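Remarks on the structure that follows.
Given the structure is predicted, the values throughout are model-derived calculations rather than measurements.
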Amino acid sequence: YLVAAMTFVAMQTGLLLMHQLLVLDDVRAKAQRDALTGLLNRHGLSQQLPLSLVGWTLIAVDIDHFKHINDRLGHAAGDAVLTFVGQTLDASLRVGDLAVRMGGEEFCILLKDRTAEQAMRIAERLRTELERTSASQVSCAFTASFGVTAVTTETSFESAWRQADS
C-alpha cells in the first residue's frame, strides 16, 4: 500500500507541476500581447526584436483624431476602432513580420526584407483599406497616418521608430 500511495502522490505532484508550467506559459504569452488587439505589445516586441534591424522596414501607424472618436462616440467605439486596426494590420503580415501596438492609437509594423518603396505601397494599401472599410466595420469612419523608414545601417529600434513616426 505504501508504494501505491507514494506512486499516487508522485503522479499527482507531476500533474500539478505540468499544470503550473502550462499556466506560466499562458501568462508569459499574455504578457507579450495587447489584450485589446491581440498584437504584440512593447514587451512582446522587446522579446522578439531581432539583434540587428538592418534589412527591416518599419511602418508607423497613427489613428487620426483618435481622442475625438473616444470623446464623441465613447470608449467602446474607440476600442472597436483599435481592435479593427489591429486585425487589419495582423491580416497583412507575412510569416516573420511583426505588428505591435505601441500604445494608445499608435501601431508599428516591422517588415523583413522589404524596401522602402515596397513598404510605402503596403502602407498606402492599408491606409486605403482602413479608410474604405472603417465605417462599415466599426460604425464610424476614421483615417490613419502612416510613416515608413527602411533600416540600412545599425540603429536602435527607438531611433528607427522615431524616424518612421515623424
Exercise. How many angstroms lie between CE in Met120 and CD1 in Ile122, if you round to the nearest 0.5 Å?
Worked result: 11.5 Å

Seminar exercise, completed: Across all chains, not counting sequence neighbours, the salt bridge (Lys or Arg N to Asp or Glu O under 4.0 Å) partners of Glu117 are none

For this session: Could I get the full list of salt bridge (Lys or Arg N to Asp or Glu O under 4.0 Å) partners for Glu154, not counting sequence neighbours?
Result: none

For this session: Could you tell me whether the side chain of Phe157 reaches within less than 4.5 Å of the side chain of Cys108, counting heavy atoms only?
Result: yes

For this session: Compare all side-chain heavy atoms of Thr149 with those of Trp161 and state whether any distance is below 4.5 angstrom.
Result: no

Exercise. Between Glu124 and Thr128, does a side chain to side chain donor-acceptor pair (under 3.5 Å) hold up when you go through it step by step?
Worked result: CA-CA 6 Å; Glu124 179 58 22; Thr128 303; 3.2 Å; yes

Problem set entry | Residue pairs passing the side chain to side chain donor-acceptor pair (under 3.5 Å) test where at least one lies in residues 94-113, sequence neighbours excluded | Asp34-Arg101, Arg94-Asp97

Exercise. Distance from Arg114 atom CZ to Thr57 atom OG1, nearest 0.5 Å?
Worked result: 9.0 Å

Exercise. Would you say Ile63 and Leu130 make side-chain contact, with heavy atoms under 4.5 Å?
Worked result: no

Exercise. Is Glu131 paired with Arg125 through a side-chain N to carboxylate O contact shorter than 4.0 Å?
Worked result: no

Which donor-acceptor pairs under 3.5 Å do side chains of residues 141-148 form with protein atoms, sequence neighbours excluded?
unit_1: Thr143; atom_1: OG1; unit_2: Asp64; atom_2: OD2; d: 2.7
unit_1: Ser145; atom_1: OG; unit_2: Asp64; atom_2: OD1; d: 2.6
unit_1: Ser145; atom_1: OG; unit_2: Asp64; atom_2: OD2; d: 3.4

Exercise. Between Met102 and Arg42, which heavy-atom pair has the shortest distance, and what is it?
Worked result: O-NE, 2.9 Å

Exercise. Passes side-chain contact (heavy atoms from CB on, under 4.5 Å), Leu98 versus Ile109? Steps please.
Worked result: CA-CA 6 Å; Leu98 303 172; Ile109 304 170; over 6 Å; no

What pairs of donor and acceptor atoms, side-chain ones from residues 76-88 against any protein atom, are under 3.5 angstrom apart with sequence neighbours left out?
unit_1: Thr83; atom_1: OG1; unit_2: Asp79; atom_2: O; d: 2.9
unit_1: Thr88; atom_1: OG1; unit_2: Phe84; atom_2: O; d: 2.9

Exercise. Could you state the interatomic distance from CG (Asn41) to CZ (Arg33), rounded to the nearest 0.5 Å?
Worked result: 8.5 Å

For this session: Report yes or no: do Leu126 and Leu111 belong to one cluster of Ile/Leu/Val/Met/Phe/Trp/Tyr joined by side chain heavy-atom distances under 4.5 Å?
Result: yes

For this session: Look at the side-chain heavy atoms of Ile, Leu, Val, Met, Phe, Trp and Tyr, link any pair under 4.5 Å apart, and say whether Leu49 and Leu89 land in one connected group.
Result: no

Problem set entry | Side chains of His43 and Ser46 in contact at under 4.5 Å (non-hydrogen atoms) | yes

Problem set entry | Nearest non-hydrogen partners of Ala150 and Ala116, listed with the distance | CB-CB, 4.0 Å

Problem set entry | CD (Gln163) with more than 12 external heavy atoms under 6.0 Å | no

For this session: Output all residues satisfying salt bridge (Lys or Arg N to Asp or Glu O under 4.0 Å) with Arg121, sequence neighbours left out; order by chain, then residue number.
Result: none

Exercise. Are Leu36 and Leu73 connected, step by step, through hydrophobic side chains (Ile, Leu, Val, Met, Phe, Trp, Tyr) whose heavy atoms are closer than 4.5 Å?
Worked result: yes

Exercise. Are side-chain heavy atoms of Leu58 and Val151 found at a separation under 4.5 Å?
Worked result: yes

Exercise. Does the side chain of Thr133 reach to within under 4.5 Å of the side chain of Val138, using non-hydrogen atoms?
Worked result: no

